[in-house]
Amino acid sequence: MNLRSEASDSTSISHLNRLPELAISISQFDLRQEIRLLRKEESWQRGIGRSSRTLVKQQDFRIVLVLMKAKTRLTEHRANARISIQTIQGRIRVHVPNQSKVELTVAGLLALDSAIPYDIEALKESAFLLTISWPRQYATWDSAEATEK
């Protein structure tokens, strides 16, 4: 379920050229339903081992729901932004170079500072939220101007 706020307008989302409908002022989701939908995706059915959906997409902020099959791996990623990984179901292991491995079970949360490389291993079928937050200076619109409209 995704609620659209009336405060959202084309001015505040014109900076997004792909999936601008995700850049709305207020969003609400049923994560259990979103996970059910991910299981129906072609990428999940083909056996790739994972499926994902971007739930929120702003210039300086993203939330991605990722579903992974047991014993699969999301190879090394790195964002020039702070991220968090929050486990919704299952159990994952996050590998961070020069650090111990971090295991996250349901309701586990890990935050990483900008530019830290990581990869994720699903120890059993798992779903997690990946949140990416860039510094506000990377936003392409004036936030005061966007909230006035």
Side-chain angles (χ1 to χ4, degrees), residues 1-46 48-69 72-96 102-122 124-149:
M1 172 188 226
N2 193 344
L3 292 177
R4 179 172 288 277
S5 169
E6 292 180 29
S8 177
D9 63 25
S10 61
T11 305
S12 63
I13 64 172
S14 62
H15 64 284
L16 298 170
N17 57 9
R18 191 169 164 248
L19 302 174
E21 66 276 8
L22 300 180
I24 60 177
S25 299
I26 299 172
S27 300
Q28 180 179 356
F29 302 93
D30 177 342
L31 294 176
R32 289 174 294 219
Q33 177 62 18
E34 295 293 336
I35 291 167
R36 283 191 287 275
L37 292 172
L38 284 176
R39 284 195 181 98
K40 294 178 181 178
E41 293 284 329
E42 185 180 333
S43 58
W44 186 258
Q45 300 298 323
R46 280 185 293 158
I48 291 175
R50 71 178 176 272
S51 189
S52 64
R53 172 172 288 148
T54 301
L55 301 176
V56 176
K57 182 180 180 182
Q58 297 286 349
Q59 185 64 25
D60 58 345
F61 182 72
R62 303 277 194 290
I63 300 176
V64 180
L65 176 61
V66 181
L67 179 64
M68 294 178 65
K69 291 184 179 179
T72 60
R73 197 168 189 139
L74 180 65
T75 57
E76 186 174 298
H77 279 66
R78 176 188 321 237
N80 289 324
R82 290 183 177 93
I83 69 163
S84 70
I85 301 165
Q86 180 180 6
T87 310
I88 304 301
Q89 74 178 40
R91 193 169 100 219
I92 61 174
R93 181 177 294 142
V94 182
H95 301 263
V96 180
V102 178
E103 284 196 21
L104 297 174
T105 57
V106 174
L109 176 67
L110 175 67
L112 297 176
D113 206 353
S114 182
I116 295 176
Y118 64 94
D119 62 66
I120 299 173
E121 174 185 7
K124 57 192 224 176
E125 184 178 300
S126 301
F128 60 90
L129 291 173
L130 174 63
T131 303
I132 308 164
S133 179
W134 289 272
R136 195 160 194 85
Q137 73 241 27
Y138 293 111
T140 57
W141 69 94
D142 180 346
S143 61
E145 187 177 293
T147 56
E148 288 174 7
K149 296 185 178 191

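The figures that follow rest on heavy atoms only: side chains count, while hydrogens, waters and symmetry mates do not.
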**Request:** Could you tell me the separation between the CD1 atom of I35 and the OG atom of S51, rounded to the nearest 0.5 Å?
**Result:** 11.0 Å
**Verdict with reasoning, I116 to V96, per side chain to side chain contact (heavy atoms under 4.5 Å, CB included)** = CA-CA 8 Å; I116 295 176; V96 180; 3.5 Å; yes
**Request:** Would you mind reporting whether F29 and I63 have side-chain heavy atoms less than 4.5 Å apart?
**Result:** no
**Asked** Below 4.5 Å, heavy atoms only, C-beta onward: do L129 and L55 meet side chain to side chain?
**Response** yes
**Item:** Side chain to side chain, F61 and V56, heavy atoms closer than 4.5 Å
**Value:** yes
**Request:** Report yes or no: does S84 contribute a side-chain atom to a donor-acceptor pair with the main-chain N or O of A111 at less than 3.5 Å?
**Result:** no
**Message:** So Q89 and L67, do their side chains get closer than 4.5 Å, heavy atoms only?
**Reply:** yes
**Prompt:** How long is the span from the CD1 atom in I120 to the NE2 atom in H95, to the nearest 0.5 Å?
**Reply:** 9.5 Å
**Prompt:** What closest approach, in Å, do L38 and W44 show between heavy atoms, and which atom pair accounts for it?
**Reply:** O-CB, 3.4 Å
**Asked** Of R36, R50, R53, R46, which meets salt bridge (Lys or Arg N to Asp or Glu O under 4.0 Å) against E41?
**Response** R53
**Request:** Please tell me if the side chains of F128 and I92 come closer than 4.5 Å, counting only heavy atoms from C-beta onward.
**Result:** yes
**Request:** Please say whether more than 12 non-hydrogen atoms of neighbouring residues, nucleotides or ligands are located less than 6.0 Å from CZ in R93.
**Result:** yes
**Message:** Rounded at 0.5 Å granularity, tell me how far CZ in R62 sits from OG in S133.
**Reply:** 11.0 Å
**Item:** Whether E121 side chain and L74 backbone form a donor-acceptor pair below 3.5 Å
**Value:** no
**Item:** Sole candidate of V94, L109, L104 that passes side chain to side chain contact (heavy atoms under 4.5 Å, CB included) when paired with T87
**Value:** L104
**Message:** Taking atom CD as the centre, does E42 end up with more than 12 heavy-atom neighbours from other residues, nucleotides or ligands that are less than 6.0 angstrom away?
**Reply:** no
**Fill in**
Between the CD atom in Q58 and the OG atom in S25, the distance rounded to the nearest 0.5 Å is 7.5 Å
**Request:** Side-chain contact test, heavy atoms from C-beta onward, threshold under 4.5 Å: evaluate it for V64 versus K57 and give yes or no.
**Result:** no
**Asked** When rounded to the nearest 0.5 angstrom, what is the spacing between CZ in R91 and OG1 in T105?
**Response** 8.5 Å
**Request:** Go through L110 and Y118 one step at a time and tell me if the side chain to side chain contact (heavy atoms under 4.5 Å, CB included) criterion holds.
**Result:** CA-CA 11 Å; L110 175 67; Y118 64 94; over 6 Å; no
**Message:** Looking at every heavy atom in both R78 and A115, which two are closest together, and how far apart are they?
**Reply:** NH1-O, 3.4 Å
**Asked** Measuring from I132:CD1 to D60:CG, what's the distance to the nearest 0.5 Å?
**Response** 12.0 Å
